[in-house]
Amino acid sequence: MSQAKLRIKLIDHTQNPLSIIYVACRQCYSDKFSGDIFDEVGSDSKKQGEFVSKVVMSGHESPLEHVKFTFAIEGVSRALTHQLVRHRIASYSQQSQRYVKESGFDFVTPPLLVKHPEAFAEFEKIMREIQNSYTKILEVLKIHGVSGEVANQDARFVLPQAAETKIVVTMNCRELIHFFAHRCCTRAQWEIRALAYEMLKICKDKLPEVFSGFGAKCVSLQYCPEGPKFTCKKYPLKEEIFRK
Ligand SMILES: Cc1cc2nc3c(=O)[nH]c(=O)nc-3n(C[C@H](O)[C@H](O)[C@H](O)COP(=O)(O)OP(=O)(O)OC[C@H]3O[C@@H](n4cnc5c(N)ncnc54)[C@H](O)[C@@H]3O)c2cc1C
């Protein structure tokens with residue numbers, strides 16, 4: 001049992017991502033066959049990048065769906081993946097708690113609890129107790145002839161949301177922009193926000209022509225749509241802009 005640490009790795013993405021989006025954008029305004037546009041596209045990434053940025057920032061987003069990014073993620077909690085998988089335009093494959101026994105499970109500790117020793121001590125205590133109960137349940141079931149995935153799938157009912165998990169996530173660029181808009185915002189929960197920022201950093205590095213103008217929704221909107229109660233004040237409120 002130990003503290004889990006976020007690890008993320010881009011394990012694959014669509015080849016020639018900029019050219020693919022460029023060709024998809026160009027097809028919309030051309031009577032040429034897109035196969036020929038692709039063959040003629042050349043290596044002028046500056047020209048392609050400028051065209052793609054302009055089209056995408058104008059709100060024409062469907063060309064972005066042709067390019068996908070696949071991330072390997074570990075060291076996140078089940079609380080995080082429960083939120084992550086709500087984003088439906090994506091593909092997920094997650095470590096199973098049926099097929100993988102959780103003896104000695106790692107867990108994610110909220111930084112706020114670390115700041116308050118009494119809360120942290122309680123948190124660590126219950127993690128150990130859960131571990132003991134989980135192991136005990138498996139032992140009892142084994143005595144009664146039940147083991148493997150049948151035992152694991154029921155013993156897991158005692159596991160906490162803090163339990164560490166691993167997941168493979170594939171999203172296309174349009175969905176990534178949508179995901180960042182919601183999950184890079186300070187209103188998003190801290191753990192999924194940290195993950196979203198790591199993914200954004202990777203995407204900006206691989207495909208700046210698409211991702212440099214995006215982040216939390218305020219980055220592209222240039223105002224905060226969250227209202228006075230929730231704004232982080234990085235951008236003026238929508239109401240303030242309209243008042244002006
Ligand atoms: C700050 C914050 C707080 C939240 N709090 C809660 C909460 O308290 N309870 C809760 O249950 N959830 C909560 N959520 C989750 C939220 O409601 C969404 O389920 C989640 O953010 C996924 O967003 P999405 O549906 O836009 O994304 P995706 O599923 O990725 O969909 C992307 C877009 O595709 C379109 N789309 C997808 N499916 C459909 C469909 N069936 N019909 C029409 N259009 C569709 C929509 O335009 C959607 O925005 C919260 C999210 C955030 C960011």
Side-chain angles (χ1 to χ4, degrees), residues 6 8 10-14 17 20-21 24-25 28 52 55-73 75-95 108-113 157 159-163 165-204 206-207 210-241:
L6 171 64
I8 175 162
L10 178 67
I11 54 174
D12 203 10
H13 62 75
T14 306
I20 297 291
I21 297 171
C25 289
C28 302
V52 164
V55 173
V56 169
M57 293 313 281
S58 78
H60 179 22
E61 294 179 330
S62 65
L64 296 172
E65 293 171 21
H66 299 288
V67 168
K68 289 178 176 174
F69 283 67
T70 299
F71 299 91
I73 296 165
V76 293
S77 69
R78 282 251 162 188
L80 179 145
T81 55
H82 191 79
Q83 298 173 79
L84 178 62
V85 300
R86 295 294 299 279
H87 293 276
R88 294 157 288 179
I89 322 291
S91 304
Y92 304 100
S93 301
Q94 181 165 14
Q95 178 186 325
V108 174
T109 306
L112 181 64
L113 301 194
F157 275 65
L159 292 172
Q161 294 210 45
T165 186
K166 297 170 176 51
I167 191 164
V168 176
V169 180
T170 300
M171 287 186 188
N172 68 47
C173 292
R174 186 179 191 178
E175 179 64 3
L176 280 163
I177 287 169
H178 179 78
F179 175 72
F180 297 143
H182 289 275
R183 303 300 182 172
C184 288
C185 174
T186 51
R187 272 199 79 184
Q189 183 256 352
W190 63 267
E191 191 187 10
I192 196 164
R193 190 168 72 239
L195 172 72
Y197 268 108
E198 288 301 316
M199 289 167 68
L200 176 64
K201 217 188 304 170
I202 292 169
C203 291
K204 279 188 173 177
K206 281 286 162 203
L207 200 50
V210 166
F211 289 102
S212 60
F214 294 101
K217 36 184 144 21
C218 54
V219 174
S220 50
L221 292 173
Q222 295 288 298
Y223 65 79
C224 171
E226 297 297 335
K229 191 170 165 204
F230 297 110
T231 183
C232 71
K233 300 197 171 89
K234 201 166 168 196
Y235 285 89
L237 285 168
K238 189 176 173 182
E239 300 87 292
E240 288 166 8
I241 303 264

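Each ligand, and each atom within it, is numbered from 1 in the order the structure gives.
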Flag: protein heavy atom within less than 4.0 Å of [atom]:
atom: atom 7 (C) of ligand 1; result: no
atom: atom 29 (O) of ligand 1; result: yes
atom: atom 47 (O) of ligand 1; result: no
atom: atom 39 (C) of ligand 1; result: yes
atom: atom 52 (C) of ligand 1; result: yes
atom: atom 4 (C) of ligand 1; result: no
atom: atom 14 (N) of ligand 1; result: no
atom: atom 20 (C) of ligand 1; result: yes

Which residue and non-hydrogen atom of the protein lie closest to [atom], and at what distance in Å?
atom: atom 26 (O) of ligand 1; value: His178 NE2, 2.7 Å
atom: atom 42 (N) of ligand 1; value: Arg88 NH1, 4.8 Å
atom: atom 31 (O) of ligand 1; value: Ile89 CG1, 3.9 Å
atom: atom 10 (C) of ligand 1; value: Arg86 NH1, 3.4 Å

Exercise. Using ring-ring contact (aromatic ring centres under 6.0 Å, His included) as the criterion, list what pairs up with Phe214, not counting sequence neighbours.
Key: none

Quiz item: In terms of atom number and element, which parts of ligand 1 are under 4.0 angstrom from non-hydrogen atoms of Arg187?
Solution: 1 (C)

Quiz item: Does any donor atom in the side chain of Ser77 or Gln161 lie under 3.5 Å from an acceptor atom in the other side chain?
Solution: no

Quiz item: Does any donor atom in the side chain of Ser91 or Thr170 lie under 3.5 Å from an acceptor atom in the other side chain?
Solution: no

Please output the side-chain donor-acceptor pairs of residues 230-239 that fall under 3.5 Å, not counting sequence neighbours, one pair per line with the distance.
residue	atom	partner	partner atom	Å
Thr231	OG1	Lys233	N	3.0

To check you understand the geometry: which heavy-atom pair defines the closest contact between [X] and [Y], and what is its length?
X: Cys184; Y: Leu200; answer: SG-CD2, 4.1 Å
X: His182; Y: Ala188; answer: O-CB, 3.6 Å
X: Asn172; Y: Leu64; answer: CB-O, 4.1 Å

Exercise. Could you name the option among Met171, His87, Arg183, Gln83 that has the heavy atom nearest to atom 2 (C) of ligand 1?
Key: Arg183

Quiz item: Hey, is NZ on Lys68 packed in by over 12 heavy atoms from elsewhere, all under 6.0 Å?
Solution: no

Practice problem: Report the part of Gln189 (side chain from C-beta onward, or backbone N, CA, C, O) that has a heavy atom under 4.0 Å from ligand 1; answer both or neither where that applies. | Solution: neither

Practice problem: Report the relative orientation of the aromatic rings in His178 and His87; use parallel for angles under 30°, tilted for 30 to 60°, perpendicular for over 60°. | Solution: perpendicular

Quiz item: Do any nitrogen or oxygen atoms of Glu175 come within less than 3.5 Å of a nitrogen or oxygen of ligand 1?
Solution: yes

Quiz item: Just wondering, do Lys206 and Pro17 contact through their side chains at under 4.5 Å, heavy atoms?
Solution: no

